[in-house]
Amino acid sequence: MPYRYVIKGTGFYSKSPDSFAVLENHLFCVDNDGTLATCITPGTAAYEETRDTAKTDGSLIVLKEGQFLLPGFVDTHVHAPQWAQTGKALDAKLPVWLNKYTFPLEAAYADLDFAETVYRDLVQTLLANGTTTAQYFGSVHLEPNKLLADLCADAGQRAFVGKVVMDLPAQCPDYCRDKSAEQALADTEAFLRYTADINKQTVQDIVGVVTPRFIPACSDDALYGLGELAVKYDAPVQSHCSESDWEHDHVLARTGISDTKAHLRYGLLTKRTVLAHSVHLSDDDAELYRKHGASIAHSPLSNAFFAGAVCPVKKRLDQGIRVSLATDLSAGYTPSMFDAMRQAIVSSRILASGTDYRLPAERRGVSDSDLDFRQAFYMATVGGAEALRIRSGKLETGYNFDAFIFDFNVLQSNSRYYEFDNLADVLQKIVLTGQRQNIAALWIQGNAVSLH
Ligand SMILES: [Zn+2]
């Protein structure tokens, strides 16, 4: 059977939080519709025939020594407008960060020329960092969010995009607020329809997401209305939940129930819900995530600045909750999912060991909390894909071919000496040392995407 192209080489993908597959010197056969039609093992008759056919018709791509095939990253929490302030103002407390820096910046995207400049650069930067799928918070105004969805469609990125809803005067400044709950709902509905139209004309997914900023910023009318829109359009939902002590306590004081239970009450805790942070969940809250199929967007770098605690990811994975990984630009200061994986590992190890040297070692940390490269790789790929309910994240038959070539040989690589390692060690090196310059080629839904 003729394939669109065939890649010959060694690939890795995560099978579960604790295990991964190594496909050594396989043929990865990609169909015209952008799915991985089959992976053929060496030493079989089909292998030689497929390889020779592809070679003859010019559709064989052979990985060089030191090149490996990996699934693309899925970043489940990115604030697109905050790209312009990445690396700035993280010495400020959260209220200052929001009111002095973030809200004025987000409001500036009403200027569509400004929006186009920054969003085009952001999408291209994420692609160059290996992020084949991103879930974005946009801004409060409708039009720049449409532009962001258009730019993702044009660049070939698989994207989930939300028009941010924030309508409560007590929490949101006039210049960065929905004028009313009715307006917020009307704009959200218009955006969901707009993205549904784009999606029909785009090979990869472009999906509109119901996006209350977080419960403290939204009225009850807006929140209940968004829950109804999620049902009406079978739309995914994204928001923040129990990020910090302040948020967790604020929602409890306002509603009398936990942040998680409040999302459930408003109709916003569904199997298509991804909630950033989820650091301060009780075990009952976590059980509600599991029961309703909601997912966590773990944002370890931003948690280090604003959460006041470390999300117990290992515990949540062991409970059977879907956990994805996120950069959380710009509360996280890097667009790299390599960096996010590393921070997830580091934060978990600090949680496990504890920090107060005055305590005896056995009382210093939270036992069985540490993550390694296996769980980090899982969250960055499969965890994200499962959270967004897309068939990506694995190099398996029938999956969308969203993948990149990792190259140890590039100039200025920090990843070295793969030739001395077994393949499991190679994957660990990729997770712990990889950078954007190691990404030599990238495909989304089978299409080669420009990295520049
Ligand atoms: Zn966020």
Side-chain angles (χ1 to χ4, degrees), residues 74-90 92-99 101-107 109 118-119 122 126 131 134-140 145 148 159-166 171-172 176 209-218 226 236-248 250-251 259-260 263 268 273-281 294-311 313 323-337 339-340 343-344 347 379 384 387-388:
V74 182
D75 186 345
T76 56
H77 188 57
V78 181
H79 289 270
Q82 294 175 22
W83 175 231
Q85 67 174 11
T86 298
K88 193 168 90 174
L90 287 175
K93 297 287 186 200
L94 186 60
V96 176
W97 184 83
L98 280 173
N99 290 297
Y101 296 95
T102 303
F103 289 155
L105 175 60
E106 291 195 12
Y109 287 77
V118 178
Y119 285 165
L122 169 63
L126 293 182
T131 299
Q135 177 161 256
Y136 296 103
F137 270 55
S139 61
V140 70
N145 297 305
L148 175 59
F160 290 65
V161 184
K163 174 245 170 303
V164 170
V165 169
M166 42 195 300
Q171 294 291 334
C172 314
C176 191
V209 186
V210 168
T211 307
R213 184 172 202 110
F214 61 167
I215 287 175
C218 301
L226 290 174
V237 176
Q238 61 176 341
S239 193
H240 302 82
C241 185
S242 293
E243 174 174 4
S244 61
D245 294 292
W246 177 85
E247 182 194 351
H248 190 78
H250 180 95
V251 176
D259 208 348
T260 303
H263 278 86
L268 295 167
T273 297
V274 179
L275 293 171
H277 313 305
S278 309
V279 174
H280 297 270
L281 304 184
S295 305
I296 295 172
H298 179 43
S299 311
L301 190 52
S302 102
N303 290 165
F305 288 96
F306 293 133
V310 175
C311 182
V313 169
V323 186
S324 61
L325 190 63
T327 58
D328 191 15
L329 289 171
S330 68
Y333 54 71
T334 164
S336 167
M337 288 291 279
D339 290 336
Q343 186 64 44
S347 291
M379 290 191 290
L388 298 175

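Order of listing sets the numbers, starting from 1, for every ligand and every atom in it.
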Report the protein N/O/S neighbours of the Zn ion (ligand 1) that fall below 2.8 Å; do not count waters. His77 NE2, His79 NE2, His240 NE2
Considering residues at least two apart in sequence or located in another chain, which fulfil the side chain to side chain contact (heavy atoms under 4.5 Å, CB included) criterion with Ser244? Trp246, Glu247
Excluding sequence neighbours, so at least two apart, what forms side chain to side chain contact (heavy atoms under 4.5 Å, CB included) with Ala294? Leu269, Thr273, Tyr289
Strictly by modelled atom types, are Asp328 and His77 linked by a side-chain donor-acceptor pair under 3.5 Å? yes
Residues in ring pair (Phe, Tyr, Trp, His ring centres under 6.0 Å) with His298, at least two apart? none
Please confirm whether the ring centroid of Trp97 lies under 6.0 Å from the ring centroid of Phe306. yes
Tell me if the aromatic rings of His240 and His79 count as close, with their centers under 6.0 Å from one another. yes
